[in-house]
2 protein chains.
Amino acid sequence: MTTTGAAVGRGQHARRRVLSAALEVLTEVGMPGFTMESVARRAGASKATLYRHWSSPSALLVDAMDAEFRPSPDLDTGDLRADLVTLLTGLATGLTGSRFPTLMAAFTDAAERDPTLADLHAELTRRRREPLLRLLATAVGRGELPADTDTELVVDLLAAPFFYRRLIAHHAIPSAMPGAVVDHVLPSLGGG
Amino acid sequence: MTTTGAAVGRGQHARRRVLSAALEVLTEVGMPGFTMESVARRAGASKATLYRHWSSPSALLVDAMDAEFRPSPDLDTGDLRADLVTLLTGLATGLTGSRFPTLMAAFTDAAERDPTLADLHAELTRRRREPLLRLLATAVGRGELPADTDTELVVDLLAAPFFYRRLIAHHAIPSAMPGAVVDHVLPSLGGG
DNA sequence: CTCCATCGAGACGCTAGCGTATCGATAAAT
DNA sequence: ATTTATCGATACGCTAGCGTCTCGATGGAG
């Protein structure tokens, strides 16, 4: 009984500082500069502390990315189109002016060569898709969309263009884009 | 008049070997391992030769990626849906079982922190989109699609899901996906 | 208040890449 | 056949990160 379980303790503070520093470093210099040394420096932590908690840079990266994840709140006003636009606008905002896209690019590259990171990448993506997916499932449930709607594919169609524009095409994301994307995808679903 | 202009010469052979080796290295170890040393080793070339041609790793990377680009042939059978499915199937194939997606991930990450690479990335993407874009423009021209069709956005809607599935969601790309994507996007265009 | 687990700092030998310089070898041009 | 630019190889000193280790400091638990 040395710990109360809920207590935070000194170790947790160090841990949190390191995780935060890891994302800063990864954003700024990408995988090439993501070293235990530089993360420790940024965190004001000792290398020994890092190795005490994480056996490798990729183990550290897994924890850091997992801690970064913030689920977007569910919403369902009953107006499917408006709700979709709201969620996609949130995505567009996250992809503009935050470190999120740069982090995504670094993590996507790293995941190409590290199965553990690939699994986490897939899992974080799955979680990020959930609100959109639930919104569509609800619409299917109340008959607003056909019962045989491929909701996974629809989520791909709705979300992918934003990532593509920002990370691959290097184009701006106009504020009208969420509405335009929804209007291009919804009609083909032939819902009533 | 020491050169004939069309002659290849020893230098060009060395140059080509290095560019090819650069892409191999980048695919296998990503940006973290993309060093002048390792590329020279892989190419069986001297470091001096690399520095003679390229002042930095990113200059080398720019040339290598530019040389890798292969434009897909134009096609227009008159059957818009079939042509779109053909092009998207080609994209899906390129994203499965070749080094292309891994190269894309590495390059995308690098482009986040290097404006020169970002420009080239945008340019290569623009070139890759051209066949799809021309196909849509032709369909607009002959009245098969409305004159006010946002062809750039439609290209995004058609192509983005494939990149997203392979690089971000880490899901398989079913062989029926190109047809399904086209069928979800075309109807909303309301063409006659 | 005392104890002690954890902390930050940093030394250690090691490896790897950096960018430059200097070789003889070699292949294209005269 | 001779010239000449480019080649591959390799040595050089330098920096940076590796993973381990030993310190004295410090703050939370009992």
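We use all heavy atoms of the structure for the numbers below, so side chains are in, but hydrogens, waters and symmetry mates are not. Chain identifiers are assigned alphabetically (A, B, ...) following the order of the sequence lines, protein sequences preceding nucleic acid strands; residue numbering begins at 1 within each chain.
- No side-chain donor from either of Thr86(A) and Thr89(A) sits under 3.5 Å from a side-chain acceptor of the other.
- Set against dA9(C), dG19(C), dC7(D), the side chain of Tyr51(B) has dG19(C) as its closest nucleotide.
- Partners of Arg17(A) under the side chain to side chain donor-acceptor pair (under 3.5 Å) rule, at least two apart in sequence or in another chain, do not exist in this structure.
- The side chain of Arg17(B) sits closest to dC7(D) out of dT22(C), dG10(C), dC7(D).
- With respect to Arg129(A) and Glu152(A), a salt bridge is recorded, a charged nitrogen being found less than 4.0 Å from a carboxylate O.
- Closest approach to the Ala48(A) side chain among dG17(C), dG10(C), dC7(C) is made by dG10(C) (side chain taken as heavy atoms from C-beta onward).
- Take the nearest nucleotide of DNA chain D for Met36(A) and for Lys47(B): the residue whose nucleotide is more 5' is Lys47(B).
- Salt-bridge check for Arg134(A) with Asp83(A): failed, with every basic side-chain N at 4.0 Å or more from each acidic carboxylate O.
- Note on the helix from dC1(C)-dG30(D) to dT30(C)-dA1(D): terminal axis deviation equals 30°, with five pairs used at each end and the result rounded to 10°.
- Considering only side-chain atoms of Glu37(B), the nucleotide from dC7(D), dG8(D), dC18(C) that sits closest is dC18(C).
- Side-chain proximity of Ala14(A) to the nucleotides dG8(C), dG17(D), dG8(D) is greatest for dG8(C).
- Cation-pi contact between Arg128(A) and Phe69(A): absent, since separation from the ring centre below 6.0 Å together with deviation from the ring axis within 45° is not met.
- Ring planes of Phe107(B) and His121(B): perpendicular class, angle over 60° (limits at 30 and 60°).
- Distances from the side chain of Ser46(B) to the nucleotides dT6(D), dT6(C), dT10(D) place dT10(D) closest.
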